[in-house]
Colleague: 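Can you read through this structure? Questions will come right after.
Computed from a predicted model, the values in this text were never measured in an experiment. Here is how names work: the chains are called A, B, and so on, in the same order as the sequence lines, proteins then strands, and each is numbered from 1.
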Amino acid sequence: MSAIEYQAPSFKLEDLWTDRRWRAIFVQILALAGLFAFLAYIVNNTINNLQTLGIETGYGFLNDPSSYDISQTLIDYDSRSTHGRATIVGILNTGLIALCGIITATLLGFTVGVLRLSGNWLISRMMYCYVEFTRNVPLLLQILLWYALVVHSLPRPKNALEPLSGIFLSNRGLVLPGPEFGSGSWIIFIALAVAVAGAIAFRRYAKRIQETTGKIYPVISISLSIIVVLPLLAYFAAGQPVSLNWPALSGFNFKGGLTLRPEFLALWFALTIYTASFISEIVRAGIQSVSHGQTEASYALGIRPNWTMRLVILPQALRVILPPLISQYLNLTKNSSLAIAVGYMDIVATIGGISLNQTGRALESMSIVLAIYLTFSLSISMVMNWYNKRVALVER
Amino acid sequence: MKVLSGFIAAAAVVGVAATASASTLDDIKAKGFLQCGVSTGVAGFAFTDDKGNWQGFDPAVCQAVAAAIFGDKSKVKYTPTTGKTRFEALKSGEIDMLARNTTWTLSRDADLKLTFVGVNYYDGQGFMVPKSLGVKSAKELDGASVCIQTGTTTELNLADYFRTNNMKYEPVAIETNAEGRTNYLAGRCDVYTTDASGLAATRATFENPNDHVLLPEIISKEPLGPLVRHGDDQWGDIVRWTLNVLISAEELGVTAANADDMAKNAKNPEIKRMLGTEGKFGPMLGLRQDWGLMAVKAGGNYGEIFERFIGAKTPIGLERGLNAQWVNGGLIYSPPVR
Ligand SMILES: N[C@@H](CCC(=O)N[C@@H](CS)C(=O)NCC(=O)O)C(=O)O
């Protein structure tokens, strides 16, 4: 028996284009080098151009006073605050609209998606029309339409509508009684955090018990009561530190309470309604992807209908729904930059708009905006991908 | 769209080769027209007529410059700019000059690297409110919603004014004058603030101008004038002296109608120097001999332009006030053509 000796291939230069393996590597290196050369050219060109124009560069301006005011600020801010702080105000405003939009678009999208499968002809037709109409009208138009509706068709503050006592609707937006947190309020938040953690632990425990003994706890109602009761107890224990701040008309505008400005409302409605139509289609496709045989099999085993939905249909549908749902969340977040059409003060309007313009630092400001959107998008996809992995099919 | 403007602005710096080194005049002659930045539309100051041509107090300066270069005032192309896009348009070389209600400030000069060649309207920031509000003074505006154009000196002055007077307000940011007009009339804001001239011009376009008043307070100095970018002094001189000729022409009684006659028969040598029948002042600037004559004939002297577009007899109805010739107690003053 002669051992087969392994002969290391001797490398010759022409292998680079004749040998398949070497060629693959060679071409990739070339492409990468080309890309870097192109980037280097752009950066170099930019620096040269800026120098010829004598334009200062750098991020130092972020420490200078911004000198402008912003209407919606989630943190303390005034015109003596820095451009850096104005950026943070913008980030928070973008985060707020993205978060609100994602929550409402998901709720609306799931509802519409399920209703579209309804056996009731009228309901499913109506949902069909909603989807076709909203996803075929450009988002920008929808934002402007909602804005025009709020600003032109609602009464002025003096004649504001008051659908419920303390809630005012006018062309300055929706004003609600807002919570006012006195000292000691932190106890309530801690209680809330503890309650959520407790609920999760209880869910795990209940699952283990069920797996070992078959005993079933009403997990949802128990969790919900923990989450409601514990903060409530803390509220009374801390001496009721939270009170409601009632808005009232004084002078030109409403004072006190919580104001949702027309810019926010228009953007929120438009993003919700537009994105929900896409989400509903994703949900419908997801549910339809689970074959009806699964339901029948589940019924045959004697599993109740809502348990069938929760334990059999949804887990399988979610696998189909999640990946495209993630991209809808990303889309919504990026689409929120259309805020500038109605002057909602997001990152594009603050650092990418007013700061950029007042300081002339175009490249610096835009690079910040890009980095922030990238961070937003990557974090959303990270979270969702993690969740996706959890619900993915575990192959045994 | 608007979202993109910032990115385009950034891209402009990245991509466009710096034009500052080449001669702007040669570039303009080679392409055959002057590219002029104006506003998106303010009655009297910059608007398109029935034929779609830009007219007004600001385009008139562009037309005079085109006439001084080509002997033809129609060789101008216009780029409408907003408060936000105007400086990037100029810096990137997309436009050759900017004539758009723009205030001369230190930072625009020294930091944005722009050269203001003079002042063609001395203005200040004012407030307009509906009469029905019963407001008599800007000091009563605490708590009001105020419409402001972003990217302007207006928004900075406003912040300072309310802060100094311990008042609060809700800023409503808008991009163009047209948007400001709509939002103000719809009642999204109680007050519209911008340069007083712009307020008067905007009010003139209302259905019932008399239902709105300008408050007495003028809270800032807004010297408005044409500008070019740093780096080409010859080009700056051309725009500066074209504006100066329009101003001198009024002072010396030269009008569009009598300019040809004055060029030949005037006794005053300064008039002849200005109109190009004496000396070599056009060539010193790199222009034709009769540059001054052409500039004045394009749309008349400074006073004629003022009266035609924004003067007391127009719907906008602005008095000369600070913008009278220095000999009449105003601030409009041209250095001598000599
Ligand atoms: N002078 C101020 C403000 C100039 C400004 O934006 N004025 C308004 C109102 S007069 C305007 O020209 N708008 C024109 C447009 O909307 O395009 C500045 O230079 O920053």
Side-chain angles (χ1 to χ4, degrees), chain A residues 42-43 45-46 48-56 66-72 78-80 140 147-148 150-152 155-157 170-172 250-253 255 259 261-263 337-341 343-345 348-349 352-354 356-360 362-367 369-370, chain B residues 1-3 5-7 9-21 83-88 91-92 107-108 111-113 133 140-145 148 150-153 155-156 158-160 162-163 169-175 179 182-183 186-191 229-231:
Chain A
I42 293 219
V43 168
N45 200 21
T46 307
N48 277 343
N49 282 352
L50 289 174
Q51 260 164 9
T52 337
L53 292 171
I55 290 172
E56 285 331 271
S66 66
S67 302
Y68 61 87
D69 285 302
I70 298 179
S71 52
Q72 177 182 306
D78 66 28
S79 61
R80 294 296 97 204
L140 182 62
Y147 189 64
V150 174
V151 168
H152 291 279
R156 305 197 175 199
S170 72
N171 70 352
R172 300 284 162 82
S250 112
F252 299 96
N253 277 310
K255 290 230 170 76
T259 304
R261 295 196 161 72
E263 294 77 21
S337 64
L338 287 172
I340 200 149
Y344 176 73
M345 287 288 138
V348 182
I354 305 182
L356 179 157
N357 209 257
Q358 297 293 1
T359 62
L363 280 174
E364 293 86 340
S365 306
M366 274 302 142
S367 66
V369 174
L370 288 178
Chain B
M1 285 207 21
K2 287 166 194 161
V3 198
S5 66
F7 288 95
V13 190
V14 178
V16 176
T19 38
S21 48
K84 271 171 78 171
T85 60
R86 55 185 159 171
F87 300 126
E88 286 304 332
K91 282 200 290 186
S92 67
S107 61
R108 288 174 178 178
D111 195 27
L112 298 187
K113 312 285 181 198
L133 282 185
E140 298 164 25
L141 291 178
D142 193 13
S145 299
I148 32 163
T150 66
T152 59
T153 48
E155 102 195 302
L156 307 180
L158 185 70
D160 288 355
F162 274 77
R163 188 180 173 80
Y169 66 105
E170 179 201 25
V172 180
I174 46 149
E175 298 263 336
E179 225 175 284
T182 319
N183 271 342
R188 172 65 188 94
C189 45
D190 305 294
V191 193
R229 61 185 158 268
H230 272 189

Colleague: Quick one: pull up CG in N171(A) and CG in N183(B) and give me the separation to the nearest 0.5 Å.
Modeller: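 Result: 9.5 Å between the selected atoms.
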
Colleague: For V151(A) and A186(B), which heavy atoms make the closest approach, and how far apart are they?
Modeller: CG1-CB, 3.6 Å

Colleague: Would you say that T150(B) contacts Q358(A) through its side chain, given a criterion of any heavy-atom pair below 4.5 Å between the two side chains?
Modeller: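 With C-beta onward as the side chain, the pair stays apart.
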
Colleague: If you look at every heavy atom in A362(A) and E88(B), which pair is closest and at what distance?
Modeller: CB-OE2, 3.6 Å

Colleague: For residues S145(B) and N253(A), is any side-chain donor paired with an opposing acceptor at under 3.5 Å?
Modeller: yes

Colleague: Measure distances from V172(B) to the heavy atoms of chain A and classify the residue's part below 4.5 Å as side chain, backbone, both or neither.
Modeller: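 Side chain of V172(B) only, per the 4.5 Å heavy-atom cut-off to chain A.
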
Colleague: For Q72(A), which atoms come within 4.5 Å of any heavy atom of chain B: side chain, backbone, both, or neither?
Modeller: neither

Colleague: Would you sort out whether E170(B) and T259(A) count as a side-chain contact (heavy atoms from CB on, under 4.5 Å), showing the intermediate values?
Modeller: CA-CA 12 Å; E170(B) 179 201 25; T259(A) 304; 5.8 Å; no

Colleague: Where the side chain of R172(A) meets the backbone of R188(B), is there a donor-acceptor pair that is under 3.5 Å apart?
Modeller: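 Such a contact is found between R172(A) side chain and R188(B) backbone.
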
Colleague: Please find the pair of heavy atoms, one from S79(A) and one from R163(B), that lie closest to each other, and give the distance.
Modeller: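 Scanning both residues completely, I find the closest heavy atoms to be OG-CD, 3.9 Å.
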
Colleague: Do H152(A) and T182(B) have side chains that get closer than 4.5 Å, going by heavy atoms?
Modeller: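 SC-SC contact between H152(A) and T182(B) confirmed.
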
Colleague: Can you tell me how far apart CG (D111(B)) and OG1 (T359(A)) are? Round to the nearest 0.5 Å.
Modeller: 7.5 Å

Colleague: Looking only at heavy atoms, which two atoms of G360(A) and L112(B) are closest? And how far apart?
Modeller: CA-CD2, 3.5 Å

Colleague: Test salt bridge (charged side-chain N to carboxylate O under 4.0 Å, His left out) on D160(B) and R80(A); report intermediate values, then the result.
Modeller: CA-CA 9 Å; D160(B) 288 355; R80(A) 294 296 97 204; 3.6 Å; yes

Colleague: Given side chains that start at C-beta, do those of F252(A) and L141(B) come closer than 4.5 Å, heavy atoms only?
Modeller: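 Yes, at least one pair of side-chain atoms sits under 4.5 Å.
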
Colleague: For each of I148(B), T152(B), L133(B), tally heavy-atom pairs with chain A at distances under 4.5 Å, and name the one with the top tally.
Modeller: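 Of I148(B), T152(B), L133(B), T152(B) has the most heavy-atom pairs under 4.5 Å with chain A.
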
Colleague: Which atoms of I174(B) are under 4.5 Å from chain A, going by heavy atoms: the side chain, the backbone, both sets, or neither?
Modeller: neither

Colleague: Could you look at S250(A) and say if it's the side chain, the backbone, both or neither that has a heavy atom under 4.5 Å from chain B?
Modeller: neither

Colleague: Short question: side chain of D69(A), backbone of Y169(B) - any donor-acceptor pair under 3.5 Å?
Modeller: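 Here the side-chain-to-backbone pair does not exist.
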
Colleague: Kindly give the heavy-atom pair with the smallest separation between P171(B) and S71(A), and that separation in Å.
Modeller: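 Shortest heavy-atom separation between P171(B) and S71(A) comes out as O-CB, 3.4 Å.
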
Colleague: Would you mind checking which part of S365(A) comes under 4.5 Å of any heavy atom in chain B, side chain (CB onward), backbone (N, CA, C, O), both or neither?
Modeller: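 Neither the backbone nor the side chain of S365(A) comes within 4.5 Å of chain B.
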
